[in-house]
Novice: 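The structure under discussion is supplied below as structure tokens; questions concerning it will follow.
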Amino acid sequence: MADGDQSAHEVARRVARASYGKLIAYLAKQTRDVAGAEDALSEAFASALVDWPRKGAPDNPEAWLMAVAKRKIIDASRRKRSGEASTDHLKLMAEELEAMASKEQHIPDERLALMFACAHPAIDPNIRSPLILQTVLGLDAVDIGSAFLVTPAAMGQRLARAKNKIKVAGIPFRVPEWAELGERLDAVLEAIYAAYTKGWNDPANVQNNLADEAIWLGRLIVELLPHEAEALGLLALMLFLQSRHEARRSVSGEFVPLADQDPSLWNSEMIAEAEGQLLRAGELNAIGRYQLEAAIQSAHAARRLTGSTDWEAIVQLYQGLIKIMPSPVVAINLAVAVSEVEGPEAGLAALPDLAENIELMEFQPYWAAKAALLSRADSISEAAEAYGMAIGLESDPAVRNFLLAKRSALPKAN
Amino acid sequence: MQYMLMIYGDESAMPKASKESMNQMSAAYAAYTQALQKAGVMVAGDRLHHSTDAATVRMNNGKAKVLNGPYAESKEQLAGHYVIEANDLDAALAWAAKCPGAQHGVLEVRPIVKMSN
């Protein structure tokens, strides 16, 4: 019994991980009610944990969960309209769900449609990424909230509002037509990349690694839309960055900047996969932001083979990137790359102007880059000041300690 | 589902418009309305008089307080609306994009609450 119990739990956990988003997507597409689908599925999982240990896990656990969840949805909408003859819509839905439950062994994959609904232009851009993490991966508001620096209660509220909007505004669950696909896909990719960068900026948090989840979503998109160059580019970019995960911290937990990382610690399998995806993307002849960023990371990764970094190539790639995505972040990275080719003075000259981009005042990477460039240009007191800003604006203690050490190592200004 | 398309525009631009462009606009609206009807999605639609012809009412201590002018004083004012039947928000947005009002102003698309009786 204990064995059966354990294996039933095991099956439930496995199905939850692999099928959660698929089941939610399929149920929500029928009803447009994401929250209702989530409630029904969590009830179905609860039933499974009671039922399976007693009777053994069913042959097709996914279909079992789907059938139970559908019944829960029908029950819930009956309860809502209690005392009232079931409306045509409800009757129709019940019949349709019933008919499908009986013969359905294979559940169509509507996760892509679900992601497009979550990243619809009518949904607040800030909630798209959390919404995808919750609906496709089943992460809860506590985990998502902490990654996005929002209280669980506030995150729960925002997620609930977005789900309600999907329902009442009639946001469709479908992959957009070709004419609209590009723009809509950008929003989906952006949401996935936002999840990745949240995970990346929080390397100590291994238990709930958003970076892994984002890569999983990236793979899913590529599997479902294999001919979208930018989807391939995003996956390649995330894999390149992730390949350096082990090398970003020393054994004692200190921050190691890219230039000082030991390339033998990079994950060569991930790099190889990233190169493959980037190559596939290139063959589609539709260059974009993610492919360029992945190409930059590819150039960095080449150091493990050549022992040096081809900064001229990186400068060129950043120049291409800034043309299609002009942003202070890209400008800062370009300036750093320029400094490697032409020296720190040229790098400083290429930094975006603080007076024109006042938001840089609170932007840590600007001050960190500026401090390093000033230090190399022997402007010691200015460098110390810039390090001070970078330290004050940094939230990761490992990076803070690294910058503090850099500042202490500055020669004494006279 | 039903959606209301609310047409907001800059009223001050209207008197400056040439007669020709006014005629063009009317013809465009007539064609748009006809297209909505032919597609079987039109539920209702009206053009509104100038917002200076509006008045607002609110009850204050049991007494109606009436004020001259529209609810919100802004450059862009509600100039008219359509109610359409559409499968989903994308379909409604596609219709909104075709409305001549989207060229000069802004279309707000709002889902209508369906009353269950």
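Since the model is a prediction, treat every value here as computed from it, not as a measurement. Every chain is numbered from 1, with letters handed out A, B, ... down the list of sequences.
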Novice: Would you indicate whether the side-chain heavy atoms of L131(A) and I166(A) approach each other to under 4.5 Å?
Specialist: yes
Novice: Counting neighbours of CD on E20(B) that are heavy atoms of other residues, nucleotides or ligands and sit closer than 6.0 Å, is the number greater than 12?
Specialist: no
Novice: Applying a criterion of heavy atom separation less than 4.5 Å, what residues of residues 83-102 of chain B form contacts with chain A?
Specialist: N87(B), D88(B), L89(B), D90(B), L93(B)
Novice: Find out whether M66(A) and Y26(A) are in side-chain contact, i.e. whether some heavy atom of one side chain is under 4.5 Å from a heavy atom of the other.
Specialist: yes
Novice: Is it the case that the side chains of Q134(A) and K163(A) hold a donor-acceptor pair, with the cut-off being a distance below 3.5 Å and no angle test?
Specialist: yes
Novice: Enumerate by number any residue of residues 31-52 of chain B whose heavy atoms lie under 4.5 Å from heavy atoms of chain A; in the absence of such residues, state 'none'.
Specialist: none
Novice: Any sub-3.5 Å donor-acceptor pair from E43(A)'s side-chain atoms to A69(A)'s backbone N or O?
Specialist: no
Novice: Taking the side chain as everything from C-beta on, heavy atoms only, tell me whether T135(A) gets closer than 4.5 Å to E38(A).
Specialist: yes
Novice: Closer than 3.5 angstrom, by distance alone: can the side chain of S18(B) be matched with the main-chain N or O of S21(B) as a donor-acceptor pair?
Specialist: yes
Novice: Any chance CZ of R184(A) has more than 12 other-residue heavy atoms, nucleotides or ligands included, within less than 6.0 Å?
Specialist: yes
Novice: Just so I know, are the side chains of D124(A) and K165(A) near enough to count as touching, which here means a heavy-atom distance under 4.5 Å?
Specialist: no
